[in-house]
Amino acid sequence: MRVRRLSLAHFRNYERLDIDLDPETTILFGDNAQGKSNLLEAIFYLAAMRSFRASGDRELLSWSVSDDPLAFTRIASRIERHGEPIDLEVVLREELRRGDGDAQSSVLTKRIKVNDVPRRAIDVIGTATAVMFSPQDLELVEGAPLLRRRYLDVTISQADRAYCRSLAQYNRVVLQRNHLLRAIRDRGAQPDQIHFWNRELIAAGSYIVSQRLATIKTLGDVSRRFYGDLSGGDDSLAVGYKSGVFHGEVDLAAAPDGIAAQFEARLADLQGREVKLGVSLVGPHRDDLTFHLGGHDVSAFGSRGQQRTVALALKLAEAEYLRRQTGERPIVLLDDVLSELDPTRRAQVLDSIEPGQQLLLTATDAETFRRAATRPVTWLRVSGGRVEQQRPASMAH
Ligand code: ATP
Ligand code: MG
């Protein structure tokens, strides 16, 4: 998987950008706040159809146009998937909608085209595959459960379209169901409607849980190997899954079946409490990944170094997982992450990237360049939302 051409319009601090990209290694360098991360964000958006950092798509519109009621931003690309060129384009556009009476409000629409044919986001995620690695990802182990669920969801969605659809469906069902739970509590709505929403919740939710469990088996094996390499031989990393559906930690070796039946039983147990609280208490939106080293929970007992190394191993495993699932190595995007690592780990991250795999990395310090530059590299200087091909002065021979 490669991105060969990228064009941006009104995307963050890029008013206009048109560049060809190296099929192998590109190093983006330049001072702070020039647009290095923004460029990686645009590439990652093509794969996930969402930002790796923005809380909403509106943030991506350039400030220069954000007061315009018809503002838009475009990310257009030529990618190469199994050697075949594909044009992939996303346009986010403010459009006016008539609300109540004469009031107009603007909504942000997302229009996607693949080879010029309009497509829905849900059918396009994973057309490009990419792994984004930024310093926040080093917080994956000790951070909030939401980060770990997102890690799983972004990873699996790129490889499995049915997962992506189930997830969208599931999230809608949770909202509707919560609404109903509160209506039962506050307005004495009929409780029998809940059976319909339970069935919907169980259908989408069971598929999500089963795919997560299958994925964690692969990710667990691969990240144990990476953790062993990174830590100098500790092969005890165990990645697990904790789910309210199963009253906690799931025994992955036992290949749990009957997820739907378990889910149903739990919903029956919890219905009283759910109505009282007005929220759905059990299901994949509440689940979590777990990590153990030598049997001890890494998020509770691991040193900071161990936690970061586990996170690193997981990220490397993500790329390998996508390769196995899609038959092709994903684009690897490393945002500032090398400078956060010691030289051994830095070398290991770079060594895990196969020659021929596309890598784009950003850095501000020359030392990180030197390691990466043992392979043929295209240097891009990023400055004020512009990009030009240029070697950094410190690398001149
Ligand atoms: P660093 O080395 O500090 O990580 P960077 O080169 O990665 O810097 P970016 O995160 O890409 O910098 O941000 C570049 C600039 O883009 C910042 O000055 C930021 O304020 C600006 N910016 C962010 N969002 C928008 C937007 N929607 N419109 C215009 N500019 C924006
Ligand atoms: Mg940055």
Side-chain angles (χ1 to χ4, degrees), residues 3 6-19 21 25-77 90-95 106-110 130-140 311 315 331-341 346 349 359-373 377-395:
V3 52
L6 183 70
S7 307
L8 302 177
H10 311 307
F11 181 87
R12 294 225 190 240
N13 70 334
Y14 290 93
E15 284 318 311
R16 225 151 244 299
L17 176 77
D18 274 291
I19 44 167
L21 291 167
T25 307
T26 301
I27 301 181
L28 302 157
F29 69 100
D31 293 339
N32 293 127
Q34 301 305 311
K36 302 183 296 295
S37 301
N38 292 349
L39 202 144
L40 297 193
E41 182 178 34
I43 294 172
F44 184 75
Y45 198 100
L46 293 167
M49 291 295 155
R50 59 180 290 171
S51 164
F52 76 101
R53 57 179 179 174
S55 51
D57 282 342
R58 247 195 197 95
E59 277 179 40
L60 306 176
L61 292 176
S62 163
W63 294 328
S64 70
V65 297
S66 56
D67 289 336
D68 181 345
L70 300 173
F72 75 95
T73 177
R74 180 171 59 237
I75 309 172
S77 68
V90 192
V91 177
L92 304 170
R93 188 187 296 275
E94 296 279 15
E95 287 182 8
S106 83
V107 291
L108 192 72
T109 60
K110 180 174 346 195
V131 174
M132 178 79 202
F133 200 167
S134 69
Q136 295 104 282
D137 292 309
L138 292 170
E139 318 279 309
L140 200 64
K315 273 285 154 181
I331 304 162
V332 174
L333 307 168
L334 301 180
D335 192 15
D336 283 344
V337 88
L338 295 183
S339 50
E340 299 251 334
L341 301 173
R346 192 181 295 165
V349 170
L359 164 69
L360 291 101
L361 64 93
T362 72
T364 33
D365 99 86
E367 251 341 278
T368 29
F369 296 161
R370 227 173 284 285
R371 239 336 276 208
V377 165
T378 295
W379 300 90
L380 297 178
R381 169 187 286 284
V382 181
S383 157
R386 288 169 198 279
V387 172
E388 64 182 320
Q389 203 166 323
Q390 183 189 318
R391 269 174 102 75
S394 63
M395 293 300 295

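Atoms considered below: every heavy atom in the structure, side chains included; atoms not considered: hydrogens, waters and symmetry mates. Each ligand, and each atom within it, is numbered from 1 in the order the structure gives.
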I'd like the residue list for ligand 1, meaning every protein residue with a non-hydrogen atom under 4.0 Å from the ligand.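 Answer by chain and number: Arg12, Asn13, Asp31, Asn32, Ala33, Gln34, Gly35, Lys36, Ser37, Asn38, Arg53, Glu59, Leu61, Ser62, Trp63, Asp336.
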
Say you draw a straight line from [atom1] of [X] to [atom2] of [Y]; how long is it, rounded to the nearest 0.5 Å?
X     : Y      : atom1 : atom2 : result
Leu39 : Thr362 : CG    : OG1   : 10.0 Å
Leu61 : Arg12  : CG    : CZ    : 10.0 Å
Leu8  : Ser62  : CG    : OG    : 11.0 Å
Asn32 : Asp336 : CG    : CG    : 8.0 Å

Phe52: partners by ring pair (Phe, Tyr, Trp, His ring centres under 6.0 Å), with sequence neighbours left out: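 For Phe52 there are no ring pair (Phe, Tyr, Trp, His ring centres under 6.0 Å) partners, ignoring immediate neighbours.
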
Can you list, by chain and residue number, the protein N, O or S atoms under 2.8 Å from the Mg ion (ligand 2)?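 As for protein N, O or S atoms lying under 2.8 Å from the Mg ion (ligand 2), they are Ser37 OG.
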
Any chance you could lay out the side chain to side chain contact (heavy atoms under 4.5 Å, CB included) test for Glu41 and Asp335, step after step, and finish with the verdict? CA-CA 9 Å; Glu41 182 178 34; Asp335 192 15; over 6 Å; no

Of all the heavy-atom pairs spanning Asp31 and Lys36, show the shortest one and how long it is.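 Closest pair (atom of Asp31, atom of Lys36, distance): O-NZ, 2.7 Å.
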
Arg58: partners by salt bridge (Lys or Arg N to Asp or Glu O under 4.0 Å), with sequence neighbours left out: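 Counting only residues at least two positions away or on another chain, Arg58 forms a salt bridge (Lys or Arg N to Asp or Glu O under 4.0 Å) with Glu94.
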
Pair Ser64, Glu15: side-chain N/O donor-acceptor within cut-off below 3.5 Å: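 There is such a pair between these side chains.
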
